[in-house]
Amino acid sequence: MRNAAMRNAAMTKGTRMLVVVTTIAFAVQIARADGSGAEVSAANAGKAAEGSLAPFLGEAKFDTQQVYASERFPNVVVALDGTILATWGNKSYKVRRSEDGGATWGPEIIVADPGFQGGGAVVDERTGEILVFVEGGHPPAPLTVYRSRDQGRTWTAEDVTIAPDAKGNVPSMHMNEHGITLRHGPHAGRLLRPTRSYAGGNQRAAWPDHYTNAIYSDDRGTTWRTSAPFPAMGTGEATLAELFDGRIYYNSRRHLSTDGLNPRRRHIAWSMDGGATWQDLSVSDELPDGDQNRDYGLMAGLVRLPVKDHDILIFSNIDSAEGRQRGMVWASFDGGKTWPLKRLVTEGSFAYSSLDAGRPGTPSEGWIYLLFESSGATMARFNLTWILDGRDVKEFLPR
């Protein structure tokens, strides 16, 4: 089904996506939104979405390896069975998979050629399906959404509907962080991912009209609604995470300030309604937005560790006075209120980055995955103990 709002000069093709049914991870059978059921594979049956903190602790672990050597725009997600998917591409859209927790990687899989990375993927935790977003070039451009039902081995595309926002703009996906499946509260099962509006173009004259937002789906990704705008203009390339009480924490790049707020630090807002609207704008005192000698910002990574009843967030960006270098990760133990820990990943080149975390009961359990641009892209994997760097986690957990 084609989206009428995309039938204009800038977007002449329909958005496409495949609707499939595959395995899930919460129980032997669950009810879909339309009342039908989805069978669970024996491998995934009974796996919890959130588990203990213990697997992320123990002996400190950290290693890196290059995942690809050319093109741009990295993203990483972890499938329900623990398969890690690295996606990228500004000429063709490609995927590499790891089935052993990130120790080794399979060959490149071409999803779309030509194809342009449309930002982060979404793992549907109710079905196990994985959605990726491929644009026809640097946006605004036609968008195709591909879906995999076999942990990223194969991909197919089909038309879907993405509704324009209240300003009449159909959002772009490009280089926002991966989406999530909501796990808590009245919107549990909703697919939610950050998006942005280019307001017709990416030229500097259009920047004052740029803004971030989100799209969300309650029918497994067949139809999507677009949220209200993030409450600051000049924003783009956002991240989000759901806290265990159901609130959504939204963290955005800001490449141009239109209100006097500092564009060199990350901008924060919250949703209390499953990502439909955003409120309580603030500017982080602790999290930088790109190199600190210019008002431009940098795409960042964000993930909440899948730890029951805790809101441990990991954020990635650079801590650099000048130039895209000195890649860093920060840790928050109170859902983004404070960021008491940070640790250097590399002194060298570090640009766009993406984060995800391993899933309980899979080969990925206990690992944090950071895919960052550096002469292609490098995958760093580490645990929370490595970030703690000799300190006791109890020092930081809420009492």
Side-chain angles (χ1 to χ4, degrees), residues 33 49-50 77 119-126 131 133 162-167 169-173 175-197 210-221 223-254 259 261 265-284 287 289 299-306 309-315 332 334-339 355-356:
E50 299 181 3
V77 293
V122 178
V123 177
D124 187 339
E125 295 183 347
R126 290 288 181 96
L131 291 70
F133 302 79
I162 299 178
D165 65 15
K167 297 184 178 184
N169 296 319
V170 175
S172 167
M173 313 296 139
M175 291 330 293
N176 297 280
E177 178 63 296
H178 60 75
I180 59 175
T181 301
L182 300 189
R183 299 170 180 166
H184 307 283
H187 303 290
R190 171 174 288 180
L191 305 182
L192 175 69
R193 60 149 295 163
T195 52
R196 65 192 298 182
S197 173
H210 286 192
Y211 54 90
T212 44
N213 48 21
I215 56 172
Y216 57 97
S217 174
D218 294 313
D219 62 3
R220 311 275 66 83
T223 58
W224 297 81
R225 286 183 260 182
T226 302
S227 79
F230 183 83
M233 303 298 287
T235 50
E237 299 181 345
T239 71
L240 55 78
E242 181 193 29
L243 305 189
F244 74 82
D245 65 1
R247 291 178 299 148
I248 311 299
Y249 168 85
Y250 196 110
N251 176 315
S252 183
R253 173 181 179 174
R254 192 168 195 195
D259 51 15
L261 298 178
R265 315 303 285 182
R266 299 295 288 193
H267 281 59
I268 312 300
W270 299 85
S271 177
M272 313 301 174
D273 54 11
T277 62
W278 308 97
Q279 61 189 53
D280 299 333
L281 177 69
S282 65
V283 181
S284 174
L287 300 181
D289 191 14
M299 183 222 172
L302 178 74
V303 67
R304 173 178 171 257
L305 300 190
D309 297 332
H310 285 284
D311 282 326
I312 302 172
L313 303 180
I314 310 298
F315 174 84
S332 172
D334 55 13
K337 293 178 183 177
T338 62
W339 298 84
L355 281 162
D356 208 357

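Annotation for Lys167 and Pro229: closest pair CE-CG, 4.2 Å, computed over non-hydrogen atoms. The heavy-atom pair separating Lys337 from Ser332 by the smallest distance is N-OG, 4.0 Å. Of all the heavy atoms in Leu192 and Ala214, the pair that sits closest is CD1-CB, 3.9 Å. Nearest heavy-atom pair across Gly179 and Val122 is CA-CG2, 3.7 Å. Scanning both residues, Tyr211 and Ala232, for their nearest heavy atoms gives CB-O, 4.2 Å. Nearest heavy-atom pair, Ser252 versus Thr235, reported as atom, atom and distance to 0.1 Å: OG-CB, 3.6 Å.
Remark: Asn176 CG to Thr212 OG1 distance equals 7.5 Å, nearest 0.5 Å. The OG atom of Ser227 sits 9.5 Å away from atom CG of Leu240, with the distance rounded to the nearest 0.5 Å. Note that OG1 of Thr181 is 4.5 Å distant from CD of Glu125, once rounded to the nearest 0.5 Å. For the atom pair CZ (Phe244) and CD (Glu50), the distance works out to 9.5 Å, reported to the nearest 0.5 Å. Summarising the geometry, atom CD belonging to Glu237 is positioned 7.0 Å from atom CE belonging to Met299; distances are rounded to the nearest 0.5 Å. The line from CG of Asn169 to NE2 of His210 is 10.0 Å long, rounded to the nearest 0.5 Å.
Considering only residues two or more places apart in sequence or on other chains, Phe230 meets the ring-ring contact (aromatic ring centres under 6.0 Å, His included) condition with Tyr250. Taking the side chain to side chain donor-acceptor pair (under 3.5 Å) definition, one finds that His178 meets it with nothing, sequence neighbours left out. Applying the salt bridge (Lys or Arg N to Asp or Glu O under 4.0 Å) criterion to Asp311, with sequence neighbours excluded, gives Arg304. Partners of Asp309 according to the salt bridge (Lys or Arg N to Asp or Glu O under 4.0 Å) rule, which considers only residues two or more places apart in sequence or in another chain, do not exist here. With sequence neighbours left out, the side chain to side chain donor-acceptor pair (under 3.5 Å) criterion links Arg193 to no other residue. Residues passing the ring-ring contact (aromatic ring centres under 6.0 Å, His included) test with Tyr249 are Trp270, sequence neighbours excluded.
In the model, Glu242 has no side-chain atom that pairs as donor or acceptor with a side-chain atom of His187 under 3.5 Å. Counting only N and O atoms by type, the side chains of Asp280 and Ser282 include no donor and acceptor under 3.5 Å apart.
Remark: the backbone N or O of Asn251 is paired with a side-chain donor or acceptor of Thr239 at under 3.5 angstrom. Listed for the Ser271 side chain is a donor-acceptor partner under 3.5 Å among the backbone atoms of Thr277. No donor-acceptor pair under 3.5 Å is formed between the side chain of His184 and the backbone N or O of Leu182. Side-chain atoms of Ser172 do not come within 3.5 Å of backbone N or O of Arg196 as any donor-acceptor pair. Between the side chain of Arg254 and the backbone N or O of Met233, at least one donor-acceptor pair lies under 3.5 Å.
Taking 4.0 Å as the cut-off between side-chain N and carboxylate O, Asp245 and Arg247 count as a salt-bridged pair.
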Show your reasoning for whether side-chain contact (heavy atoms from CB on, under 4.5 Å) applies to Leu302 and Leu355. CA-CA 5 Å; Leu302 178 74; Leu355 281 162; 5.5 Å; no
Given side-chain contact (heavy atoms from CB on, under 4.5 Å), test Leu305 with His310 step by step and report yes or no. CA-CA 8 Å; Leu305 300 190; His310 285 284; over 6 Å; no
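Between Val283 and the choices Asp289, Leu261, Ile268, the side chain to side chain contact (heavy atoms under 4.5 Å, CB included) rule is met once, by Leu261. Partner of Trp224 under the side chain to side chain contact (heavy atoms under 4.5 Å, CB included) criterion, out of Thr195, Val170, Ile215: Ile215 alone.
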